Number of protein chains: 2
Amino acid sequence: MANDSTLKTSHTQENYLKALYHLTLEKKEVTVNDLAKRLDLKMPSITSMMQKMANEKLIKYEKYKPIKLTEKGKKEAAIIIRKHRLTEMFLVEKMNFGWEEVHDIAEQIEHIQSQKFFQKMDDMLGHPALDPHGSPIPDKYGNYKQLDQKTLDQADLNTTVVVIGLTNSSDDLLRFLNSKGIKLGSEMVIVEKEPFDGSMKVAVGKKEMMLSSTVSAQLFFQVKK
Amino acid sequence: MANDSTLKTSHTQENYLKALYHLTLEKKEVTVNDLAKRLDLKMPSITSMMQKMANEKLIKYEKYKPIKLTEKGKKEAAIIIRKHRLTEMFLVEKMNFGWEEVHDIAEQIEHIQSQKFFQKMDDMLGHPALDPHGSPIPDKYGNYKQLDQKTLDQADLNTTVVVIGLTNSSDDLLRFLNSKGIKLGSEMVIVEKEPFDGSMKVAVGKKEMMLSSTVSAQLFFQVKK
DNA sequence: GTATTAAATTAGATTATCCTAACAAATATT
DNA sequence: AATATTTGTTAGGATAATCTAATTTAATAC
Ligand SMILES: [Mn+2]
Ligand SMILES: [Mn+2]
Ligand SMILES: [Mn+2]
Ligand SMILES: [Mn+2]
């Protein structure tokens, strides 16, 4: 009874796992405070959940030390992320949602318990490697292929680049990009770079526009060859 | 603060509402005991939830008296049922699931909060009136069109009938029908009726088979004209 | 290296949901 | 009607997830 492997990770814990996974990729040292901010909870809530998740061997946790996912925790997290990103892709590709509309729905659907449901999505989509925002979709075993990509603020003057992903997919960023007509696959030429504030002028097709460093630092690119 | 109309009905309460709605159609007098059995909970849990839901004006409830849904409760219930049935239809029509596979997934997806998500399903499906098991889908305002249908055990000898629905869609029934090759729209001739146990022999195409009254009482039919 | 600040933990409550045990009311049976 | 049975309620407790307030530990700044 103590070690029933059919015990289901709760909805809530799945969200903790995901947050931990993402923070780990961002920072390597994840603290109680980081998690509290990410999940918009108070620190005591985090501490107490960390104690519980450590018991369940999802994380390694010692008082006052940084939090680490175990292999088990990593795998479970990656599988939720897979379900999230497959869902986003499904919503965009098969149900005609805009890329700025899908995150909140995926945040809920990622918790559906049905391997077959996500298997069908995956099949219908032809086993996509990336979600609609250019982020990699872990495989069904929880393996994650991290692409290390450079952001647009590091692109050289006069090169032609292709936008291939986003560091994050906040509604605000996505709507900003929509308004500028920028999407994944968009090509642009780096026309000017302003060293003072890091802003740049780019040409997307015939349209020229200024991008602040705030924006350009959130776009992954590849040099067009 | 006391009357915040944005307060969301919980996952749990949505399931209570649905159960109440279905039981009301089945029995007209719904008791604490009925609900306890339907939801597989103990009676004290029901009593205490009924007290809470009465406070929230979802039901009318007085100690020891049968439970009634309010208009508000009925509407909310019908909207969950709508989401459930649209989901089942979507899974069958757009994702190629078998009709016996969709209920458990729909049981979860019905709780997703996103009008737009279900709106898209509805559009993609062309605003279906019935779910894959022949049950009516309430409209988006919570209006329910109850069809009063007769079950196959009441069909006359030698008539040709079409199966148009099921009184319930338990896995067991659906798998039995699959094994017999019976689905919605199947035509059959009533070849023999055995008064002793209520069983009947029917011809589905060229195949003749016996249906017990247990089965025939779960199939809605229409006379083929 | 002491003092200050920030981060983390503990203690103790709260809300939601569900349970068992004990009791009460309503129904059914002699 | 008196008794037995079934149904429903109350009392009191458990677990999950969260919070505020108080306290402790660690990190930073003088
Ligand atoms: Mn997302
Ligand atoms: Mn989520
Ligand atoms: Mn169903
Ligand atoms: Mn449900």
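Below, chains carry the letters A, B, ... as their sequence lines are ordered, and counting in each starts from 1. Every value quoted in this text rests on a predicted model; they were computed, and no experiment measured them.
Rounded to whole Å, atom P of D:dT25 lies 15 Å from atom NZ of A:Lys65. Across the protein-nucleic acid pair, B:Glu14 atom CD and C:dA16 atom P stand 15 Å apart, rounded to whole Å. Distance B:Asn15 CG to C:dC18 C1': 14 Å, rounded to the nearest Å. A straight line from CG of B:Leu39 to P of C:dC18 spans 8 Å, rounded to a whole angstrom. Distance A:Asp40 CG to D:dA17 C1': 15 Å, rounded to the nearest Å. Atom NE2 of A:His11 and atom C1' of D:dT15 are 18 Å apart (whole Å). In this structure, B:Met53 places its CE atom 14 Å from C1' of C:dA16, rounding to the nearest Å. Between the CE atom of B:Met50 and the C1' atom of C:dT17 there is a distance of 12 Å, given to the nearest Å.
For A:Ser10, a side-chain nitrogen or oxygen approaches OP1 or OP2 of D:dA17 to under 4.0 Å. Look at A:Tyr61 and you won't find any side-chain N or O under 4.0 angstrom from OP1 or OP2 of C:dA8. For A:Gln51, a side-chain nitrogen or oxygen approaches OP1 or OP2 of C:dT10 to under 4.0 Å. In this model, the phosphate group of C:dT17 is approached by a side-chain N or O of B:Lys52 to a distance below 4.0 Å at OP1 or OP2. Of the side-chain N and O atoms in B:Tyr64, none sit less than 4.0 angstrom from OP1 or OP2 of D:dT6.
Distance check, rounded to the nearest 0.5 Å: CZ of B:Phe220 to OG1 of B:Thr151 gives 7.0 Å.
Open room surrounds CD on B:Gln115; 12 or fewer heavy atoms of other groups in view lie less than 6.0 Å from it. Summarising the local packing, CD of A:Glu56 is surrounded by more than 12 heavy atoms from other residues, nucleotides or ligands at distances under 6.0 Å.
Checked against D:dT9, C:dT10, C:dA7, the side chain of B:Pro44 finds its nearest nucleotide in D:dT9. Nearest to the side chain of A:Gln13, among C:dC19, D:dA17, D:dG8, sits D:dA17. Among the nucleotides D:dT18, C:dT17, C:dA7, the one closest to the side chain of A:Asn33 is C:dA7. With distances taken from any side-chain atom of A:Met43 to the nucleotides C:dT17, C:dA7, D:dC19, the minimum falls on C:dA7.
As judged by a 4.0 angstrom heavy-atom cut-off over every strand, A:Thr12 is placed among residues touching the sugar-phosphate backbone only. Using a 4.0 Å heavy-atom criterion, one finds that B:Ser45 contacts the bases of the nucleic acid, with or without backbone contacts as well. Across all strands, B:Thr31 comes closer than 4.0 Å only to sugar-phosphate atoms, never to a base (heavy-atom distances). If you check every strand for non-hydrogen atoms under 4.0 Å, B:Glu62 touches nothing.
Nearer the 5' end of DNA chain D, as judged by each residue's closest nucleotide, is the contact made by A:Met49, out of A:Met49 and A:Lys63.
A salt bridge is defined here as a Lys NZ or Arg NE, NH1 or NH2 lying under 4.0 Å from an Asp or Glu carboxylate O, and A:Asp34 with A:Lys27 meets this definition.
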- Query: Between B:Arg38 and B:Glu26, is a salt bridge (Lys or Arg N to Asp or Glu O under 4.0 Å) present by the stated rule, with each step listed?
  - Reply: CA-CA 12 Å; B:Arg38 183 59 59 94; B:Glu26 292 164 29; 2.7 Å; yes
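When only modelled atom types and interatomic distance are considered, B:His111 and B:Asn15 share a side-chain donor-acceptor pair under 3.5 Å.
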